[in-house]
Amino acid sequence: MVTLNLEGLSAFFSDQLSANSIPVHTVSKAGFKDWLSSLTEAEKNWVNANDFNGSRHSRLSFADDNGRISRVILGLGDGDERADPWAFGGLAKSLPPGDYHLADISDPHDLYHASLGWALGQYQFENYLKAKNNKTSRLYLPETQDRSLIASIVRSTFLVRDLVNTPTCDMGPDELAAAASEIAREFSASIHVTVGDELLEKGYNAIHTVGRAAEKAPRLIDFSWGDEKAPKVTLVGKGVCFDTGGLDLKPSSAMLIMKKDMGGAAHVLGLARLIMEQKLNVRLRVLIPAVENNVSGNAFRPGDIIRTYKGKTVEVGNTDAEGRLVLCDALALATEEKPELMIDFATLTGAARVALGPDIPPFFTDSQKLADDLGQHAIRQGDPVWRLPLYGPYLKFMDSDIADLNNNGSSPFAGAITAALFLKEFTEGAREWMHIDTYAWNQSPRPGRPKGGEAMGLRAVFSYLADRFKN
Ligand code: BES
Ligand code: ZN
Ligand code: ZN
């Protein structure tokens, strides 16, 4: 596991403008003509020789008389860089290692996004590679920037990516709990982990049922931090360290990336880290049911009925709808202390991807204010999320003849909504609740976003929380 510390971050940023820092300028397609006309004949020829036209993610370097880079031009295309870190995502990796500064971006919000893209684009998951790339480029962060906040966001995003990218052989329920303990310890949070048969004693039957067939015992991670009198905010994350689908096995193409099925847990840990490092005024609680949905002689079966922690019984229509099972126990536990706000993150349904594609996590809440505010923060952070409805009548799709609920919808439609409605059945007691169905994964690489684990909705939700619970 890579744990990035503050020294690690000084590989990406400097707080002093060094004498040999190379200026980076930006040019959009719209501004290209004017920019070109400001250049010397020789420079114009250089632009043409390189076929540079300001298109997004394109880059051109100019040299001085000694052949050293004198300035770099980044193309922004048609884009508006103001709330889009990814416009700068590919830049650092395309440049030789060194010190750089943004010469013509002065708006602090634009600089914030550019800085994030700069650092996030230098992420590499190389724990399993012999040849490591230690080359990084540093960007000057002027005083207008909240260096601590940017560092926190970069660290948390890297944490989410690392946790998701680490294969299940090294990121099972035990290792996920160890990662949570490490984070809890760093911020002096108190942590308790309920493991194996102890889950049954406490009534977390759904968590145990899903995880019992795996070699590594299922567990419930529970940590708390902050002033006990502060508003209670509880985060719940789906920690399915691998999802074979259980006996209703997934096809191999779908199973291939299921190490990422603890992406919700990764998001919750990243968010918790941000909350604690930025010292938000909350009493934070983090709950992660950590299991592997695997097959063995004692695996749970389609048709089984589980008596969940809340007391509601659930008929197993499909063992691949395991996320809502492990979450329902954690959510029901969380509601006992009546949190002011409860948020769960989960790689819950393929249907969420069908609805909104891989980049936009749908969120669900009955709170109009929460939805409106989160939408605003998502735009400001360039971190899209989109509300889907908790449309009550669809709950009938989750009916069972012989239990209180079925975990599998009887209709092929609205799978992300029915999964959210299932969860909602276990949230009574929380003053506000929001569920985010995240993909947590980049299917193919894009500038700033390498293939693999990805934080989605993290900045939007943190920004919302920071605004609501500022210290
Ligand atoms: N982990 C999957 C959901 C998933 C699949 C997320 C692919 C991201 C990419 C979840 O446990 C699952 O298998 N859900 C089923 C539910 C169905 C059986 C009701 C699904 O979405 O197909
Ligand atoms: Zn599944
Ligand atoms: Zn799953």
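Side-chain contact between M258 and T244 is absent, with no heavy-atom pair separated by less than 4.5 Å. Annotation: side chain of W118 is in contact with side chain of L91 (closest heavy-atom distance under 4.5 Å). At least one side-chain heavy atom of K238 sits under 4.5 Å from a side-chain heavy atom of E322. Side-chain contact between N407 and E315: absent, with no pair of heavy atoms (C-beta onward) separated by less than 4.5 Å. In this structure, the side chains of Y439 and I360 stay at 4.5 Å or more apart for every pair of heavy atoms.
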Open item on the list: Evaluate Q376 against D372 for side chain to side chain donor-acceptor pair (under 3.5 Å), listing each step before the verdict.
Closed with: CA-CA 7 Å; Q376 291 301 313; D372 290 346; over 6 Å; no
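The backbone N or O of L74 sits nowhere less than 3.5 Å from a side-chain atom of R59 that would complete a donor-acceptor pair. Checking side-chain atoms of S28 against main-chain N and O of L76 turns up no donor-acceptor pair under 3.5 Å. In terms of modelled atom types and a separation under 3.5 Å, the side chain of Q122 and the main chain of F12 share no donor-acceptor contact. Judged by distance alone, with hydrogens and angles left aside, the side-chain atoms of H208 form no donor-acceptor pair with the main-chain N or O of E201 at under 3.5 Å. Of the possible donor and acceptor atoms, one in the side chain of R212 sits under 3.5 Å from a partner among the backbone N and O of N298. With hydrogens and angles disregarded, a donor-acceptor distance shorter than 3.5 Å links the side chain of K132 to the backbone of E126. Judged by distance alone, the side chain of S58 and the main-chain N or O of S55 form a donor-acceptor pair under 3.5 Å.
With 3.5 Å as the limit, one finds no donor-acceptor pair spanning the side chains of N165 and Y128.
Using cut-offs of 30° and 60° for the angle between ring planes, the F125 and Y123 rings count as parallel.
In this view, H377 and S463, Y464, D467 satisfy the side chain to side chain contact (heavy atoms under 4.5 Å, CB included) rule, not counting sequence neighbours. A search for salt bridge (Lys or Arg N to Asp or Glu O under 4.0 Å) contacts involving K202 returns E198, not counting sequence neighbours. Remark: D174 pairs with no residue by the side chain to side chain donor-acceptor pair (under 3.5 Å) rule, at least two apart or across chains. Partners of D304 under the salt bridge (Lys or Arg N to Asp or Glu O under 4.0 Å) rule, at least two apart in sequence or in another chain, are R301.
For the pairing with E340, the salt bridge (Lys or Arg N to Asp or Glu O under 4.0 Å) check across K232, R283, R468 returns one residue only, R468.
Applying the side-chain hydrogen bond (donor to acceptor under 3.5 Å, both in side chains) rule to pairs touching residues 323-335 yields nothing, sequence neighbours excluded. Evaluation of the side-chain hydrogen bond (donor to acceptor under 3.5 Å, both in side chains) test over residues 342-356, restricted to residues two or more places apart or in two chains, returns D261-T347, D344-W433, D344-H435, T349-D437, R353-D437.
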